[in-house]
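Have a look at the structure below, then the notes.
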Amino acid sequence: MRMLERETLAQFGFDVLEAESGEQALEILAKRQPDLVLLDVDMPGIDGFEVCRRLRQRWDMTGVPVIMVTGLDDPASIDEAYEAGANDFVAKPINWPILGRRARQVLRSAQAVRQLCELREKQGAVMRAIPDMIFVIDWQGTYLDYKPGSVRTSVRFEQRFLGKNISALLPPDASGLVQQAIDAALLSGKLQSVIYSLPLEGEIHYHEARVVPDGVDKVVIVVRDMTAEKLGEEKILRLAYFDTLTDMPNRQSFLEHLDLELQRARRDNIRVALLFLDLDGFKRINDTFGHGAGDTLLQEVAMRMKEKLRAGDFVARPASDAAAIHFARLGGDEFTVVLTGIEDTQMVGQIAARLQALLAMPFLIGDREVTVTLSIGIAIFPEDGEDAATLLKHADTAMYHAKDQGRNNWQLYSGAMTVQTAERLAVEADLRKGLDRGEFRLVYQPQVNAADGTVVGIEALIRWQHPERGMISPAQFIPVAEESGLIVPLGDWVLNAVCVQVRDWQQRGVFTPRVAINVSARQFRAPHFLDSVAEIIAESGISAEQLELELTESILMDPESRQVQGMYRLRALGVHFSIDDFGTGYSSLSYLKHFPIGMLKIDQSFVRGVPDRVNDAGIATAIIAMARSLDLDVIAEGVETRGQLEFLRAAQCPRVQGYLFSRPLPPDEIEPHLRRGSIALPATASAD
Ligand code: C2E
Ligand code: MG
Ligand code: MG
């Protein structure tokens with residue numbers, strides 16, 4: 001029998017080792033590991049079943065296929081063969097041609113099983129290496145199996161959860177999401193991914209569940225705790241869309257929001273208002289109290305706005321909800337408000353006024369009370385612009401007009417403003433050229449003793465001799481020069497030209513009184529202005545006593561100490577200081593003490609009203625009296641009539657300046673007046 005088996009198997013390409021008994025078989029197998037074992041049940045000594053059982057107990061033999069050769073085709077011994085660990089059986093009498101094929105088949109399937117085992121082991125290792133929790137869940141949401149994650153996860157999933165439904169373990173919204181994903185995965189046969197949040201130990205955790213269909217009625221779900229990623233993402237989003245100083249939506253967020261609102265407005269045919277807010281005098285606060293205080297102020301402003309905007313009562317209309325107002329910080333002291341679904345511009349105006357009223361109450365910065373006002377420009381979709389960029393530009397233009405109108409007010413955009421802005425730009429470019437080409441001139445207007453007409457000074461006033469547009473008044477280009485910063489080189493030019501003129505007159509023996517020069521605020525605040533005055537005087541070689549700088553009241557509001565010191569230095573050199581257009585600004589005489597001011601120039605607007613208008617007369621008289629008590633000189637500007645002169649004389653105003661005596665004149669025309677040293681009132685002047 002053994003010989004026949006060996007011959008048959010050899011024909012099928014097997015190498016065959018033979019054993020006469022079970023004991024001998026076990027001995028051989030201890031030294032060599034075969035690919036296949038053919039075992040007869042009936043053997044001397046221990047039988048085939050026993051040999052098979054012992055084989056199976058050896059770890060290295062578990063995978064080796066065993067075919068049992070049973071005596072009879074009886075079911076009991078076949079069962080026993082399988083129980084002992086056999087892979088297959090062959091019944092006697094042996095069908096020889098079949099034996100070889102059977103052996104080959106068993107060998108092949110054993111190999112397949114071995115490969116499968118190896119694969120499973122590998123997969124097991126991979127699974128263990130995956131930090132995520134993995135669940136098998138049936139189509140109804142019942143947990144069938146799970147693998148705990150190997151890293152710290154926020155959920156402890158335990159064996160006892162198996163058989164339970166996800167709705168019993170997850171909060172309703174999370175389990176709803178997961179169940180939806182399961183349905184979708186089974187329906188589409190494709191991977192689904194959902195993120196849900198879980199409150200755990202007082203914190204919100206975010207889980208991502210990736211649901212993969214596994215057959216038609218169950219899914220595999222890979223769950224990952226992605227709280228850290230999610231928070232990082234939110235932080236990045238916050239950084240991208242929120243201003244770090246005030247925690248308000250930033251420029252980017254504003255632009256995106258406005259875009260969305262405009263899309264909606266186009267579709268629904270409604271209007272959107274864009275309010276551009278700018279704090280007045282914020283720079284002054286920054287300069288005076290420091291940037292820390294400036295930052296605090298911005299935070300306080302933002303907070304107040306946020307609080308009030310959130311309260312639904314801010315906009316008094318039924319349809320209003322807080323979401324209809326979007327408030328953002330563009331940067332610096334600029335803010336925007338977007339209002340949707342507005343009915344009329346009047347309503348927008350009311351809201352603008354309310355925003356202003358909101359800031360009217362002082363802010364407490366440190367131990368100081370600070371008040372700020374707000375200039376607001378308004379542009380409305382679709383009238384003032386179809387897209388965000390245009391609306392923003394126009395609201396900005398309107399805001400500048402609000403500033404020009406004396407701040408603390410709001411302006412609706414109008415097309416004319418853009419024309420004006422364009423004009424401004426053209427003027428600015430022209431100014432630059434004019435400076436290069438030497439198109440500027442100075443004219444001089446005498447200042448005389450009110451009693452006898454003696455020339456006590458002259459004021460230098462700039463003129464622009466434009467090649468095409470002729471003579472341009474400073475009222476038209478000084479504001480543009482100030483805004484563009486060109487006032488600094490322009491001011492230097494004036495200072496130089498005056499010094500050169502004074503030296504020329506002095507060299508030619510012309511009596512030269514003190515010359516007043518106008519200094520604008522922007523020029524005065526330029527870093528090297530006060531030093532450059534001293535330099536220019538020194539270079540020209542004239543006496544500093546010859547010069548007087550006319551400042552405006554606004555310059556004296558919160559100047560930097562460096563500037564005050566600079567003024568005292570110049571005063572020590574001999575330079576005089578006066579306040580131009582006095583009475584139109586803050587009109588507080590008390591702060592004048594802090595500066596080396598020698599003279600006040602009563603503004604033309606008051607002089608124009610005397611003697612008839614009681615208010616003006618009163619103010620003019622009061623300024624003259626107060627100036628005297630403070631030991632300051634006074635000059636009245638814009639004196640045009642005898643009546644005005646008489647009034648001023650009666651009020652004991654020592655000096656006057658105005659058309660009544662002389663218009664501003666070019667150097668060669670004023671020279672005769674200087675040589676004479678006094679100006680007589682023309683006979684015709686007495687007619688008015
Ligand atoms: P301001 O310094 O108050 O100069 C007085 C203005 O009143 C001058 O106008 C002058 O021509 C005008 N004026 C003088 N007397 C009379 C009068 O009796 N009646 C009337 N109605 N007006 C009179 P101007 O020259 O057009 O200058 C306007 C403003 O431009 C000046 O006001 C001053 O603030 C500014 N400005 C002029 N020259 C310069 C300059 O060189 N630098 C700077 N920064 N500003 C200048
Ligand atoms: Mg002046
Ligand atoms: Mg003036």
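Order of appearance sets the numbers: ligands from 1, and atoms from 1 within every ligand.
Salt bridge annotation for D333-K283: absent, with no cationic side-chain nitrogen under 4.0 angstrom from a carboxylate oxygen. For D616 and R608, the salt-bridge test fails: no basic side-chain N is under 4.0 Å from an acidic carboxylate O. Taking 4.0 Å as the cut-off between side-chain N and carboxylate O, E300 and R304 do not count as a salt-bridged pair.
Listed by atom number, the atoms of ligand 1 under 4.0 Å from Q604 heavy atoms are 5 (C), 6 (C), 7 (O), 12 (C), 13 (N), 20 (C), 21 (N), 22 (N), 23 (C). Interface atoms of ligand 1 facing V639, defined by a heavy-atom separation under 4.0 Å, are 18 (O). Close contacts of ligand 1 with P474, meaning ligand atoms under 4.0 Å from a residue heavy atom, involve 24 (P), 25 (O), 26 (O), 27 (O), 28 (C), 30 (O), 37 (C). Residue-ligand proximity, E640 to ligand 1, at heavy-atom distances under 4.0 Å covers atoms 17 (C), 18 (O), 19 (N), 20 (C), 21 (N). Close contacts of ligand 1 with E550, meaning ligand atoms under 4.0 Å from a residue heavy atom, involve 2 (O). Which parts of ligand 1 touch S520 is read off a 4.0 Å heavy-atom cut-off, strictly below it: atoms 44 (N). Set against the non-hydrogen atoms of Q445, the atoms of ligand 1 under 4.0 Å away are 14 (C), 15 (N). Atom numbering of ligand 1 starts at 1 in the shown order; those under 4.0 Å from a heavy atom of V494 are 41 (O).
Between F477 and W464, the ring planes are perpendicular. Angles over 60° get that label, and only those under 30° would be called parallel.
For E459, a nitrogen or oxygen atom sits less than 3.5 Å from a nitrogen or oxygen atom of ligand 1, counting backbone and side chain alike. Between E637 and ligand 1, a contact under 3.5 Å exists for at least one N or O pair. For a threshold of 3.5 Å applied to N or O pairs, the pair formed by R608 and ligand 1 contains no separation below that value. For the pair I462 and ligand 1, the shortest N or O to N or O distance falls below 3.5 Å.
Rounded to 10 degrees, the OD1-metal-OE1 angle spanning N518 and E550 at the Mg ion (ligand 2) equals 80°. Around the Mg ion (ligand 2), the angle linking E459 (OE2) with D580 (OD2) is 170°, rounded to 10 degrees.
Side-chain contact between V427 and Q476: absent, with no pair of heavy atoms (C-beta onward) separated by less than 4.5 Å.
The cationic group of R571 does not satisfy the cation-pi geometry with Y568, failing either the under 6.0 Å distance to the six-membered ring centre or the 45° limit from the ring axis.
Of the candidates L442, I472, L490, N518, N518 brings a heavy atom nearest to atom 33 (C) of ligand 1.
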